[in-house]
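First comes the structure, then the notes that go with it.
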Amino acid sequence: MEERELVEYFRTQIGEDPDVASAVAAIRSLLEFLKRDQSETILGLRENMTQAILRLQETDSSVAVSSGGELFLRFISLTSLEHPDLSQCKNVMIERGELFLKKISLSRGKVGKLCHTFIKDGAKILTHSSSRVVLKVLENAAADHKRFTVYVTESQPDSAGELMAQKLRKLNIPVTVVLDAAVGYIMEKVDLVIVGAEGVVESGGVINKIGTYQMAVCSKAHNKPFYVVAESFKFVRLYPLNQQDVPDRFKYKADVLKTAEDLNQEHPMIDYTPPSLITLLFTDLGVLTPSAVSDELIKLYL
Amino acid sequence: MPGADKETDLSERIESFLSELKRCGSGAGSLRGSAETARETSALLRRITAQARWSNAGELMEIIRKEGRRMTAAQPSETTVGNMVRRVLKIIREEYARSRGSSEETDQQESLHKLLTSGGSSEDNFRQHFAHLKANVIEAINELLTELEGTTDNISMQALEHIHSNEVIMTIGRSRTVEAFLKDAARKRKFHVIVAECAPFCQGHEMATSLSKEDIETTVIPDAAIFAVMSRVNKVIIGTQTVLANGGLRALNGTHTLALAAKHHSTPLIVCAPMFKLSPQFPNEEDTFHKFVSPHEVLPFTEGEILSKVNAHCPVFDYVPPELITLFISNIGGNAPSYIYRLMSELYHPEDHEL
């Protein structure tokens with residue numbers, strides 16, 4: 001399968017189902033690539049796969065695609081260790097890959113079920129930008145007949161907050177859109193903050209849309225719980241110590257990376273929130289404290 | 001018929017246990033310590049395993065889960081009951097896995113690794129019958145009971161590492177674990193203890209009397225003086241009713257104040273809690289969290305005129321967030337609050353968090 005076809009497949013996946021997480025779409029495309037791959041050796045397969053992942057990252061430079069790709073690569077390594085023979089290995093890989101995809105498409109539901117019990121009746125929730133996982137959590141809470149109001153930040157530069165507000169209005173949840181700059185102002189009114197994540201790093205911190213760090217610092221200052229909801233395939237092997245440590249390839253959109261002359265003049269799209277500001281992480285592996293995240297990653301990668 | 005007799009005997013015991021649980025909920029603290037509750041729950045579960053009718057692990061787990069639900073519903077604030085039920089469920093799962101000969105995981109948790117490498121359905125519905133399962137489970141529960149009996153001693157053995165000569169230790173209310181801890185250290189070291197009386201039940205007074213019998217210099221202070229005295233205190237050692245899954249505490253009313261004062265003065269806060277107090281609940285679940293008792297202690301009925309105009313509450317428990325705690329001392333050693341998630345995964349299976 002050529003790289004061009006791979007990118008086409010990826011784009012169609014996202015186009016067909018806008019609700020699918022980009023990591024899931026990436027893994028699906030990589031599985032398709034695996035099925036059509038013609039290499040004769042496992043090493044060749046790995047090389048082709050690495051190239052494919054690089055191509056996908058050039059199309060969509062978000063952290064989620066990167067974590068999905070790395071997970072898939074790890075998946076191949078683990079399976080190839082058990083079955084050194086390529087043809088047998090490939091069949092096992094394809095079977096397990098389908099199973100893996102099925103499981104992770106259920107993760108969002110699991111997270112939603114876990115988190116909605118933490119939303120009390122009459123709660124005022126603050127969220128940032130547009131996250132499908134947070135939407136699922138709020139959907140579950142509304143279905144449970146809880147009454148709550150939501151404040152969403154506008155989240156410039158792409159006004160993703162407006163999208164989120166529309167989706168929430170469709171669910172009959174009272175929602176107010178606030179300016180990004182109004183986070184400090186609104187913080188005294190809210191009871192809890194729930195945000196999604198594009199990536200969860202090894203220290204237990206998260207990488208999310210720009211403005212999340214601000215919100216976390218404000219909520220810490222006001223002593224409000226700051227919850228992060230994320231599926232487990234977003235765990236990524238990065239360990240940033242500050243904002244500068246987050247690699248440039250995640251901070252900016254793919255086309256900006258290619259065309260920009262001076263990256264310092266561009267606006268970053270994501271920021272890093274350290275684990276000390278996060279109260280709890282809700283994942284499909286359960287409710288985790290930030291210190292438990294590195295345990296999970298170690299179990300997988302070592 | 002002997003079978004029917006056994007069953008009625010069993011259900012009688014369960015009923016009497018349930019009614020005792022319901023009764024002892026009222027009043028200052030508990031009429032029996034949590035250690036006794038834990039022991040009695042485990043003994044009852046052992047009896048259920050021995051006497052109830054079941055043919056495979058799945059049925060046994062269903063029976064225990066059902067009884068567990070009834071027991072926790074009888075007294076939701078007594079979390080040790082639920083914890084023991086979960087421990088026994090985990091024991092059953094382990095014994096079942098061992099009987100099946102799965103050299104598998106001691107790690108039954110969901111993990112990314114498992115997601116990637118499992119092929120096919122790993123659904124285990126525990127339906128296989130094993131002849132020795134009953135004996136194995138009962139033996140394991142006996143081990144659990146032995147462990148329960150040794151908890152206070154195990155905790156007190158660590159006292160000498162944490163208490164040094166001429167230190168001033170502060171505590172609040174009455175905790176049997178802390179009492180044993182301090183008494184053990186007093187055998188070899190001389191130190192002072194300040195006890196906050198913890199109104200309105202004032203259990204601090206009993207604690208002070210008991211400690212002074214062992215020749216420990218004790219001072220009782222009212223709760224309002226906690227902050228004022230804190231600057232002279234070297235360590236704060238407290239007990240708790242429950243340790244929550246995020247590392248926070250559900251402790252006696254007034255403990256949060258003590259913890260905040262300690263944080264302000266950068267005084268280490270040490271919590272002595274045996275492992276059976278560790279509960280997989282998080283502090284946001286509303287109904288099981290708070291317990292209120294008669295406000296007679298706060299505002300007596302003799303103050304009739306005021307009573308009609310105000311609302312009086314008498315909460316029994318306080319939530320202490322994990323950031324205020326320095327160290328947990330339990331029967332398996334000392335741990336940081338951020339490590340609690342790990343201990344929890346060793347003690348309980350995630351599917352048992354909700355009984």
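Chain letters run A, B, ... following the sequence lines, proteins first and then strands; every chain starts at 1. Note: hydrogens, waters and symmetry copies are ignored here, and every other heavy atom, side chains too, is used.
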Q: Determine whether more than 12 heavy atoms belonging to other residues, nucleotides or ligands lie under 6.0 Å from atom CZ of A/R147.
A: no
Q | B/H264 atom NE2: more than 12 heavy-atom contacts under 6.0 Å | A | no
Q: Work out which heavy atom in B/N246 is nearest to a heavy atom in A/T289; give both atom names and the distance.
A: CA-CG2, 4.2 Å
Q) Got a sec: does the CZ of A/F226 have more than 12 other heavy atoms crowding it under 6.0 Å? A) yes
Q: With a 4.5 angstrom heavy-atom cut-off, could you sort out which part of A/V287 is near chain B: side chain, backbone, both or neither?
A: both
**Q.** Within-4.5 Å side-chain heavy-atom neighbours: B/F282 and A/T117
**A.** no
Q) Are A/S291 and B/Y339 close enough that some pair of their side-chain heavy atoms sits under 4.5 Å apart? A) no
